[in-house]
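What's counted below: heavy atoms across the whole structure, side chains too, no hydrogens, waters or symmetry copies. Order of listing sets the numbers, starting from 1, for every ligand and every atom in it.
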Amino acid sequence: MDKTQPRRLPAAVLVAGASAWMATAGNAALWRELQAVGVAQAQGGWLLTLTLAGMLAAALYALLSLFSWPRLLKPAIVLLLVATAAGAHFMWTYRIVIDSAMATNTLQTDWHEVRALLTPRFAAVVLVGAVLPSWLVWRIRVDHRPWKQQALRNVAGLLAGIAAVAALILLSFQPLASTMRNHTQLRYLMNPLNQLWAVGQSAFGQRKFHGPVAPLGLDARLGAAAKPRLLVLVLGETGRSGNFGINGYQRDTTPELAKARAVSFRNAWACGTSTAASVPCMFSHLGRDGFLARKQDSENLVDVLQHAGLAVLWIDNQPGGCKGVCDRIPSVNTSGLNDPQLCPNGECRDEILLRGLDERLAALPAVQREKGVVLVMHQMGSHGPAYAQRTPPAFKKFLPECTSSHLPDCSSEQLRNAYDNTIAYTDHVLGSTIAWLRQRSDFDGALLYVADHGESLGENNLYLHGLPYAIAPDVQKHVPWVTWLSGGFEQDSGLTMHCLRGQADTRVSHDHLFHSVLGLMQVSTAAYRPDLDAYAACAAP
Ligand SMILES: [Zn+2]
């Protein structure tokens with residue numbers, strides 16, 4: 001064969017090969033799930049599995065046919081190969097699924113947070129699943145036709161792919177429809193179509209609003225108080241209610257909160273299963289249902305507190321920040337600070353939130369400060385998968401702990417130890433905050449700690465968080481909600497921890513946060529709803 005004129009491969013063959021590779025090998029997590037839910041082993045299960053693989057391949061073929069142009073086809077295939085390999089790795093390893101909330105999270109995630117996920121195994125999967133096939137694709141000489149002819153072929157490829165998908169759906173309609181209805185998670189595992197869909201939804205879906213942010217609580221007024229109130233609202237990260245000692249966990253992960261006799265609402269539930277979904281919802285006045293159905297972005301809790309005349313400051317220790325919630329109030333980010341003690345390896349431990357707090361308080365406008373202060377502290381908390389990095393050596397009470405980011409490598413005991421150490425450290429941060437509040441006798445102090453969502457620690461082989469709400473296990477949604485009030489606060493407000501303790505098992509959710517904080521700070525506005533104030537039952541009449 002003449003080496004200067006190697007044989008050229010028809011573009012359609014390359015498209016078909018790439019589609020088949022992604023539809024089969026790239027969907028290992030989907031095949032495993034079909035096994036796990038018993039579909040693959042059931043009668044006709046292998047046929048259904050084959051049909052699904054065929055549908056995926058045909059859909060990818062249709063899609064790639066659109067890109068079958070000389071300078072476009074290879075980059076398009078390479079991009080899909082990389083996305084497929086990365087998606088397959090995360091779905092396989094952490095048993096996550098990919099939906100629009102996950103895509104939003106990923107798009108908003110800081111490189112810093114991602115680093116922990118880039119394990120050697122991830123590199124190996126990308127190498128075998130994407131780099132090697134891409135190298136092959138790049139070497140192949142593709143036969144493209146003159147543009148009119150190629151355009152016809154591309155359209156024919158698109159139509160053929162769509163027709164094949166339609167035919168396969170019709171042929172297996174009964175078992176396919178019931179499987180998809182009974183196991184909704186399957187559709188979020190169809191790699192890489194799930195990613196394309198999720199990114200599209202996240203970028204162009206209804207959740208983006210272009211209009212102005214609607215004002216809220218412009219009528220907000222403060223009630224009279226003996227002393228200005230100082231509330232520290234700690235926004236927790238990845239808190240599992242069940243792993244808190246004060247919630248009855250068999251391990252004493254929260255000695256400092258117990259010693260301060262803080263009250264814990266043991267029956268508290270999150271709005272979402274990820275930071276990006278939960279945080280804006282928590283601070284909204286709408287509640288979960290209203291927030292999901294909203295047609296416009298609106299101001300939130302911290303804006304209303306500011307409208308009421310209070311001094312408000314958002315202190316954030318996550319590189320990813322406040323997800324837009326603190327856009328209109330003063331804020332600082334501590335995650336990039338250089339404290340030699342608290343910021344090893346380019347990441348700051350949560351005690352950094354307390355550094356220089358007196359100075360931060362003194363720097364707030366005096367007119368507002370004298371009316372009262374709300375400090376929001378957004379923790380790094382128990383952010384996974386590198387739990388061990390969140391805690392300083394002195395708080396590693398539970399050993400041995402998991403130090404790998406590839407969580408399935410760790411025993412469930414090691415994983416639990418690493419996670420519980422993060423809770424013990426959070427307990428110390430909260431205990432230190434209470435100690436600081438006690439010192440500030442120029443205010444009536446209070447602490448409220450609520451986490452954004454929970455976490456899976458290997459139960460049913462699930463890890464991390466972010467599953468679609470409807471199918472997420474309770475451990476991803478059941479969150480801690482802890483309240484501490486100073487003696488002065490109790491006396492002046494009539495709200496007592498003793499009374500709150502009697503409410504510890506009442507069901508509350510993030511729907512209550514907005515109204516509960518307004519109640520604590522004596523803010524009256526038309527936006528306040530006493531029926532959603534978790535403290536109203538104990539407040540003085
Ligand atoms: Zn979070």
Side-chain angles (χ1 to χ4, degrees), residues 90 94-117 202 207 233-244 268-284 288 291-292 300-301 314-326 331 333-335 347-350 353 376-387 389-391 405 407 418-419 422-423 425-426 429-430 448-457 462-469 472-482 509-510 513:
F90 291 123
Y94 302 110
R95 303 242 177 185
I96 57 157
V97 302
I98 295 173
D99 64 351
S100 61
M102 183 65 80
T104 307
N105 271 313
T106 311
L107 296 175
Q108 290 182 2
T109 294
D110 188 272
W111 169 247
H112 218 85
E113 295 170 42
V114 175
R115 215 170 43 185
L117 294 167
S202 157
R207 308 224 164 154
L233 171 54
V234 178
L235 173 52
E237 175 58 60
T238 314
R240 274 167 67 110
S241 176
N243 289 56
F244 277 64
W269 296 85
C271 175
T273 64
S274 68
T275 307
S278 263
V279 171
C281 178
M282 292 171 81
F283 285 83
S284 161
R288 182 168 192 271
F291 186 77
L292 292 175
N300 60 63
L301 174 60
W314 186 291
I315 312 172
D316 211 304
N317 195 32
Q318 287 201 19
C322 71
K323 309 293 176 197
V325 172
C326 64
S331 63
N333 195 300
T334 58
S335 66
E347 169 184 326
C348 293
R349 303 236 162 86
D350 280 334
L353 291 164
V376 183
M377 293 184 183
H378 190 195
Q379 279 190 293
M380 196 62 186
S382 307
H383 200 299
Y387 304 114
Q389 280 179 27
R390 306 283 109 81
T391 49
S405 284
L407 300 179
Y419 182 83
T422 66
I423 301 301
Y425 182 55
T426 287
V429 172
L430 297 176
L448 169 54
Y449 162 76
V450 184
D452 60 347
H453 51 77
E455 185 86 325
S456 283
L457 290 176
L462 291 170
Y463 296 92
L464 305 176
H465 54 264
L467 276 187
Y469 203 86
D474 280 354
V475 284
Q476 294 191 16
K477 300 186 278 197
H478 191 191
V479 289
W481 177 311
V482 177
S509 74
H510 283 164
L513 185 68

Problem set entry | Any side-chain donor near an acceptor of the partner, H383 and E237, under 3.5 Å | no
For this session: Would you indicate whether the side-chain heavy atoms of V475 and L462 approach each other to under 4.5 Å?
Result: no
Exercise. Knowing that exactly one of V376, L353, L235, V234 qualifies, which makes a side chain to side chain contact (heavy atoms under 4.5 Å, CB included) with I315?
Worked result: L353
Exercise. Can you check whether H510 and W269 have ring centres sitting under 6.0 Å from each other?
Worked result: no
For this session: Scan side-chain atoms only and decide if T426 and Q379 contain a donor-acceptor pair under the 3.5 Å cut-off.
Result: yes
Exercise. Does K477 reach the side chain of Y469, with side-chain heavy atoms less than 4.5 Å apart?
Worked result: yes
Problem set entry | Under 2.8 Å from the Zn ion (ligand 1) - protein N/O/S, by chain and number | E237 OE1, E237 OE2, T275 OG1, D452 OD2, H453 NE2
